[in-house]
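Remarks on the structure that follows.
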Amino acid sequence: MSSRDISFASFNLYNLQLPGRAVYGDTDGWDTSVYERKVAWTGRMLARLAADFIGFQELWAAEALDQVLDQAGLAGSHEPLVPPGHRGDRIVCAGAVRADMLVADPEWITEFPPETVLKSTGDDPQQPAIAVNLSRFSRPVLHARIRPDPATPVIHVFVCHFKSRRPAEIWRERDWYDRDVHGDHRTALGYAISTIRRTAEAAALRVVITKIAKDTAEPIIVLGDMNDGKASNTLNILTEQPRYLGPLSTGGGDNALYTAQTLQEYRSIRDVYYTYVFEKQRESLDHILVSEQFYDNSSDRLWAFKEMTVENDHLNYDDHKNSGTCDHGVIRAAFKWKPARGAPGS
């Protein structure tokens with residue numbers, strides 16, 4: 001493998017917290033024996049992935065991540081990325097990267113960029129005005145800058161975890177919720193609120209990406225638990241719905257992102273990609289999105305797509321709270337350094 005080749009993975013840790021420490025309303029947290037199984041299983045999975053950069057969601061305790069990396073045999077090669085001063089009292093997006101690849105201190109983006117204005121008077125006279133007053137990510141987005149080799153450009157990597165599709169628990173609202181008035185509608189209203197929040201987060205992250213990618217040759221990777229499918233509005237906002245070119249054509253979108261799922265589907269006879277199971281329905285909620293520098297048919301390609309793998313056998317068993325497994329599939333995408341002729345930075 002060339003030193004310029006690179007691989008990425010996304011891993012929802014399913015509330016990786018130290019034993020006996022609170023996880024949301026569960027003040028007792030994980031039992032010690034379950035925690036040990038979580039560390040062992042997560043460590044084995046990371047060792048199998050052997051990715052250069054791993055983005056994590058649902059990390060609580062930094063110490064727990066250290067133990068997992070040690071279990072995986074990665075403590076000597078990978079540097080954990082956890083928000084400075086994190087006390088383990090909330091879940092965060094985190095990462096682990098080969099130490100020689102990190103070129104700057106990571107940052108966690110909490111606030112929406114000021115350009116994210118979600119207000120409109122409508123497209124026609126029949127539409128009433130709308131305003132969404134969100135200004136922060138539910139889970140701060142990790143932004144890391146890495147370089148696999150001194151001869152390659154710096155890659156911007158974003159790790160995100162958007163609002164789940166679970167309906168917001170509006171029955172907790174004290175200032176307006178009335179069970180007699182809203183009780184029969186709490187599920188519909190809760191789903192709508194979750195969708196609005198997730199949509200706003202996707203739009204805010206797209207603004208961040210555009211400010212970096214527009215009219216530049218900056219390579220970008222976005223990965224994480226986006227809590228929505230490949231054809232969803234959430235992914236449409238993030239990717240800007242690029243056109244996937246035919247094998248003999250070249251081009252690529254300056255501001256676009258391409259899903260590794262689609263790149264893998266082009267090489268597969270059958271699509272069996274799923275990362276989550278709910279009510280026996282299999283869906284893809286976890287994604288790796290790449291800029292045109294990682295897209296095979298882009299005239300600005302620097303890395304060619306090699307393969308994508310999905311570890312999801314554990315989703316066949318709904319025993320994650322006892323077995324130590326996670327409730328999401330774990331995904332990995334690998335890329336080979338193979339610049340297109342004349343590509344910037346090649």
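No hydrogens, no waters, no symmetry mates; every other heavy atom, side chains included, goes into these values.
Residue pairs meeting the side-chain hydrogen bond (donor to acceptor under 3.5 Å, both in side chains) criterion with at least one member in residues 113-126, sequence neighbours excluded: Glu115-Lys211. Screening residues 62-86 for salt bridge (charged side-chain N to carboxylate O under 4.0 Å, His left out) gives no qualifying pairs among residues at least two apart or on separate chains. Sorted by first and then second residue, the pairs that involve residues 56-106 and meet ring-ring contact (aromatic ring centres under 6.0 Å, His included), not counting sequence neighbours, are Tyr24-Trp60.
Between the CD1 atom of Ile6 and the OG1 atom of Thr152 there is a distance of 7.5 Å, given to the nearest 0.5 Å. Residue Arg332 holds its CZ atom at 6.0 Å from CD of Glu307, rounded to the nearest 0.5 Å. The CZ atom of Phe158 sits 11.0 Å away from atom CG of Leu238, with the distance rounded to the nearest 0.5 Å. Atom CG of Asp26 and atom CG of Asn15 lie 9.5 Å apart (nearest 0.5 Å). Here the straight-line distance linking atom CZ of Arg21 with atom CH2 of Trp30 works out to 15.0 Å at 0.5 Å rounding. The distance from atom CD of Gln241 to atom CG of Asn236, rounded to the nearest 0.5 Å, is 3.5 Å.
The local environment of CG in Asp318 is sparse, with at most 12 non-hydrogen atoms from other residues, nucleotides or ligands closer than 6.0 Å. Remark: Asp105 CG is loosely packed, at most 12 non-hydrogen atoms of other residues, nucleotides or ligands lying under 6.0 Å away. Heavy-atom contacts from other residues, nucleotides or ligands closer than 6.0 Å to CZ of Arg147 number more than 12. Heavy atoms from other residues, nucleotides or ligands lying under 6.0 Å from OH of Tyr266 number more than 12.
When the side chains of ILVMFWY residues are joined at heavy-atom separations under 4.5 Å, either directly or via intervening members, Leu257 and Ile212 end up in a single hydrophobic cluster. Both Ile91 and Leu59 are members of a single hydrophobic cluster when ILVMFWY side chains are connected at heavy-atom separations under 4.5 Å. Two different hydrophobic clusters hold Leu134 and Ile193 under the rule that ILVMFWY side chains link at heavy-atom gaps under 4.5 Å. Taking hydrophobic clusters as Ile, Leu, Val, Met, Phe, Trp and Tyr residues chained together by side-chain heavy-atom distances below 4.5 Å, Val141 shares a cluster with Ile220. In the hydrophobic clustering of ILVMFWY residues, with side-chain heavy atoms under 4.5 Å counting as a link, Val159 and Phe11 come out apart.
Donor-acceptor pairing under 3.5 Å is lacking for the side chains of Asp300 and Ser298. The closest side-chain donor-acceptor pair between Gln293 and Ser291 falls under 3.5 angstrom. Between the side chains of Ser138 and Glu201, at least one donor-acceptor pair of N or O atoms lies under 3.5 Å. Asn227 and Ser164 share no donor-acceptor pair across their side chains, judged by distance under 3.5 Å alone.
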- Message: side chain to side chain contact (heavy atoms under 4.5 Å, CB included) for Ile155 and Met101? Distances and angles first, verdict last.
- Response: CA-CA 10 Å; Ile155 303 169; Met101 290 189 177; over 6 Å; no

- Query: Given the rule in the side chain to side chain donor-acceptor pair (under 3.5 Å) test, do Gln71 and Gln67 qualify, once you have shown the distances and angles that lead to the verdict?
  - Reply: CA-CA 6 Å; Gln71 178 74 27; Gln67 293 178 28; over 6 Å; no

- Which is it for Tyr14 and Lys321 under the side chain to side chain contact (heavy atoms under 4.5 Å, CB included) test, yes or no, and what are the steps along the way? CA-CA 9 Å; Tyr14 190 49; Lys321 290 186 177 181; 3.2 Å; yes

- Starting from the C-alpha separation in whole Å, work towards a yes-or-no answer on side chain to side chain contact (heavy atoms under 4.5 Å, CB included) for Cys326 and Trp41. CA-CA 9 Å; Cys326 66; Trp41 182 85; 3.6 Å; yes

- Item | Residues Val97, Arg145; criterion side chain to side chain contact (heavy atoms under 4.5 Å, CB included); working and verdict | CA-CA 10 Å; Val97 59; Arg145 299 167 182 84; over 6 Å; no

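Salt bridge status for Arg267 with Asp296: present, with a side-chain N to carboxylate O gap under 4.0 Å.
Between the Thr42 side chain and the Val39 main chain, no donor and acceptor come within less than 3.5 Å of each other. Gln264 places a side-chain N or O within 3.5 Å of a backbone atom of Met308 that can act as its donor or acceptor partner. Judged by distance alone, with hydrogens and angles left aside, the side-chain atoms of Lys38 form a donor-acceptor pair with the main-chain N or O of Leu13 at under 3.5 Å. With hydrogens and angles disregarded, a donor-acceptor distance shorter than 3.5 Å links the side chain of Ser284 to the backbone of Tyr273.
Aromatic ring pairs are classed by plane angle as parallel below 30°, tilted from 30° to 60° and perpendicular above 60°; the pair Tyr244 and Tyr258 is perpendicular. Classification of the His314-His320 ring pair by plane angle, with boundaries at 30° and 60°, yields perpendicular.
Partner Phe335 forms a ring pair (Phe, Tyr, Trp, His ring centres under 6.0 Å) with one of Trp303, Phe305, Tyr295 and no other, that one being Phe305. Checked options His161, His287, Gln57; the residue passing with Ser10 is Gln57 (criterion: side chain to side chain donor-acceptor pair (under 3.5 Å)). Test Asp225, Leu205, Leu285 against Phe162 for side chain to side chain contact (heavy atoms under 4.5 Å, CB included) and you get one pass: Leu205.
Among all heavy-atom pairs drawn from Ala72 and Ala47, the shortest one is O-CB, 3.7 Å. Ala144 and Phe53 make their closest contact through CB-CE1, 4.0 Å (heavy atoms, listed as atom of the first residue, atom of the second, distance). In terms of heavy-atom proximity, Val34 sits nearest to Asn322 at CG2-O, 4.2 Å. Shortest non-hydrogen contact noted between Lys336 and Asp5 is CA-OD1, 3.4 Å. Closest of all the heavy-atom pairs between Ser7 and Ala50 is OG-O, 3.9 Å.
Side-chain contact between Arg179 and Trp171 is absent, with no heavy atoms from C-beta onward closer than 4.5 Å. The shortest distance between side-chain heavy atoms of Cys160 and Met226 falls below 4.5 Å. Contact of the Glu292 side chain with the Asp254 side chain is registered, since non-hydrogen atoms from C-beta on lie closer than 4.5 Å. Side-chain contact between Val290 and Ile221 is present, with at least one heavy-atom pair separated by less than 4.5 Å.
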